[in-house]
Amino acid sequence: MKIGVIGAGVMGKGVAQRFAQYGHNVVLYDISSNVLETAREEIKKNLKIASMFNKTIDAEKIVANIDITSGYEGFADMDFIIENVDENIKTKETVYRNLEKVCKQKCIYLVNTSCIPITLIGSYTDRAEKVIGVHFMNPVPMKNFAEVIQGWKTSEETIQHVRELLNNVGMEIEVIKDSAGFVSNRLSHLFMNEAAALVYEGVATAEQIDNIFKNAFGHKMGPLETADLIGVDTVLDSLKVLYTHYEDPKFRACPLLKQMVYAGSTGRKSGKGFYTY
């Protein structure tokens with residue numbers, strides 16, 4: 001299978017690595033050539049570290065399965081496109097308008113989004129039946145599960161093709177109906193937002209909140225550790241989408257999240273968020 005991956009950020013890198021490890025030919029796109037080069041080097045570094053614990057991993061061979069590009073022309077013969085750009089509706093619309101100019105009609109679009117409705121994304125294309133949400137978990141190379149979202153027009157055939165594709169790379173799935181935020185993020189973003197509010201109000205520290213979640217509820221990570229992993233800016237963008245879509249004040253973003261984004265404290269990727277890295 002030929003897989004096109006749009007966006008070479010945290011999620012895009014992870015998706016490209018995962019599929020390349022299972023022998024798929026991957027074309028990784030980003031608008032920035034510098035981001036692409038950095039992404040390939042980071043993938044290689046991650047694979048070399050993984051190979052120290054798993055001798056079957058051949059980092060050079062896997063990286064050779066990944067081509068990089070800053071143009072859409074190379075997607076003409078792709079079987080699947082996996083899109084991972086920012087949680088910005090206008091940005092995503094531009095991406096799909098561009099893809100529609102080059103992709104063959106049989107190509108299936110996998111939308112890796114946290115909150116944006118899949119039916120809305122499908123409206124930007126002439127193949128809504130071939131548009132499906134796949135919410136990968138971070139870090140993608142290590143997580144063996146994905147939340148799959150069926151848009152109003154997504155066909156059963158598309159669901160079956162995507163099920164086979166994800167099973168082929170060692171992932172189990174749950175298929176749910178379309179709803180902004182789906183299941184995982186309608187729940188998790190409430191946790192993260194309220195946890196930020198507790199810090200903002202001085203009720204507890206980030207460490208205390210995360211320890212309570214881990215020790216009381218058995219979570220592997222607390223909500224603020226998770227926010228740092230995802231990116232505080234991404235969490236904020238997702239909350240904005242949820243608030244706009246549902247017009248429900250429970251999704252109104254905590255002011256602390258906004259301040260942190262203004263200050264560039266976006267989590268692990270910046271070296272500082274609720275924690276210092």
Could Glu93 and Arg97 be called an ion pair, given the rule that one side-chain N must be under 4.0 Å from one carboxylate O?
yes
Might you point out which heavy atoms bring Leu28 and Leu36 nearest each other, and give the distance in Å?
O-CD2, 3.4 Å
In this structure, are over 12 heavy atoms from other groups packed under 6.0 Å from Met221 atom CE?
yes
Salt bridge (charged side-chain N to carboxylate O under 4.0 Å, His left out) between Lys2 and Asp77, intermediate numbers included
CA-CA 8 Å; Lys2 294 182 179 180; Asp77 62 344; 2.7 Å; yes
Could you give me the CA-CA distance, side-chain angles and deciding distance for Tyr109 and Glu100, then say whether side-chain hydrogen bond (donor to acceptor under 3.5 Å, both in side chains) is met?
CA-CA 10 Å; Tyr109 296 158; Glu100 284 293 271; 2.7 Å; yes
Determine whether a donor-acceptor pair (N or O, by modelled atom type, separation under 3.5 Å) exists between the side chain of Asp58 and the backbone of Lys61.
yes
Check: Phe191 ring centroid to Phe213 ring centroid under 6.0 Å:
yes
Run the side-chain hydrogen bond (donor to acceptor under 3.5 Å, both in side chains) test on His161 and Asp79 for me, step by step, so that the C-alpha distance in whole Å, both residues' side-chain angles and the decisive distance to 0.1 Å come before the verdict.
CA-CA 10 Å; His161 283 313; Asp79 299 299; over 6 Å; no
Looking only at non-hydrogen atoms, find the nearest pair between Pro141 and Arg18 and report the distance.
O-NH1, 3.2 Å
According to a hydrophobic-cluster definition based on side-chain heavy atoms being under 4.5 Å apart (Ile, Leu, Val, Met, Phe, Trp, Tyr only), do Ile132 and Met137 belong together?
no
Only one of Asp228, Ile230, Asp233 passes side chain to side chain contact (heavy atoms under 4.5 Å, CB included) with Thr266; say which it is.
Asp233
Could you tell me whether the side chain of Thr205 and the main chain of Gln208 form a donor-acceptor pair under 3.5 Å?
yes
Looking only at heavy atoms, what is the nearest atom pair of Lys269 and Gly231, with distance?
CE-CA, 4.1 Å
How about Glu164: does its CD atom have over 12 heavy atoms from other parts shown lying under 6.0 Å from it?
yes
Quick check: closest heavy atoms across Val134 and Ile149, and the distance to 0.1 Å?
N-CD1, 4.4 Å
What's the shortest heavy-atom distance between Ala16 and Ile43, and which atoms?
CB-CD1, 4.3 Å
Please tell me whether Ser32 and Asp30 have a donor and an acceptor in their side chains that are separated by less than 3.5 angstrom.
no
Report the residue from Val140, Ile82, Val5 that forms a side chain to side chain contact (heavy atoms under 4.5 Å, CB included) with Met11.
Val140
Are more than 12 heavy atoms, taken from residues, nucleotides or ligands other than Glu174, located less than 6.0 Å from that residue's CD atom?
no
Is the number of heavy atoms from other residues, nucleotides or ligands within 6.0 Å of CD (Glu157) greater than 12?
no
Between Thr244 and Val241, is there a donor-acceptor pair closer than 3.5 Å when you use the side chain of the first and the backbone of the second?
no
Between Thr94 and Thr91, is a side-chain hydrogen bond (donor to acceptor under 3.5 Å, both in side chains) present by the stated rule, with each step listed?
CA-CA 5 Å; Thr94 299; Thr91 302; over 6 Å; no
Glu225 and Lys214: CA distance, side-chain angles, deciding distance, salt bridge (charged side-chain N to carboxylate O under 4.0 Å, His left out) verdict
CA-CA 11 Å; Glu225 290 173 309; Lys214 289 184 286 188; 3.2 Å; yes
Should the pair Arg186 and Tyr246 be classed as cation-pi, given the thresholds of under 6.0 Å to the six-membered ring centre and 45° from the axis?
yes
Check the angle between the aromatic planes of Phe75 and Tyr29 and answer parallel, tilted or perpendicular using the 30° and 60° thresholds.
perpendicular
Strictly by modelled atom types, are Gln160 and Glu156 linked by a side-chain donor-acceptor pair under 3.5 Å?
no
Is there a path of hydrophobic side-chain contacts, each under 4.5 Å between heavy atoms of I, L, V, M, F, W or Y residues, that connects Val203 with Tyr200?
yes
Within a 6.0 Å radius of atom NZ on Lys90, are there more than 12 heavy atoms belonging to other residues, nucleotides or ligands?
no
Looking at Ile108, Asn112, Thr113, which hits side chain to side chain contact (heavy atoms under 4.5 Å, CB included) with Leu110?
Ile108
Could you tell me whether a side-chain N or O of Arg127 sits under 3.5 Å from a main-chain N or O of Lys106, the two making a donor and an acceptor?
no
I'd like to know if the side chain of Glu147 reaches the main chain of Phe182, judged simply by a donor and an acceptor atom lying under 3.5 Å from each other, with no hydrogens or angles considered.
no
Taking Asn211 for its side chain and Glu207 for its backbone only, find out whether a donor-acceptor pair lies under 3.5 Å.
yes
Taking atom CG of Leu187 as the centre, does the number of heavy atoms from other residues, nucleotides or ligands within less than 6.0 Å exceed 12?
yes
In terms of heavy-atom contacts, Ala20 and Asn65 come closest through O-ND2, 3.1 Å
Donor-acceptor check, side chain of Ser114 to backbone of Ser238, threshold 3.5 angstrom: yes or no?
no
Do Thr234 and Asp237 pair up side chain to side chain, a donor and an acceptor below 3.5 Å, judged on atom types alone?
no
Is it the case that the side chain of Tyr96 and the backbone of Ser123 share a donor-acceptor pair, with hydrogens and angles ignored and the cut-off at 3.5 Å?
no
So, does Ser155 use its side chain to make a donor-acceptor pair with the main chain of Thr158 at under 3.5 Å?
yes
Ignoring hydrogens and geometry, is there a side-chain-to-backbone donor-acceptor pair from Asp210 to Leu224 under 3.5 Å?
yes
Walk me through it: do Glu129 and Thr154 pass the test side-chain hydrogen bond (donor to acceptor under 3.5 Å, both in side chains)?
CA-CA 4 Å; Glu129 74 284 356; Thr154 306; over 6 Å; no
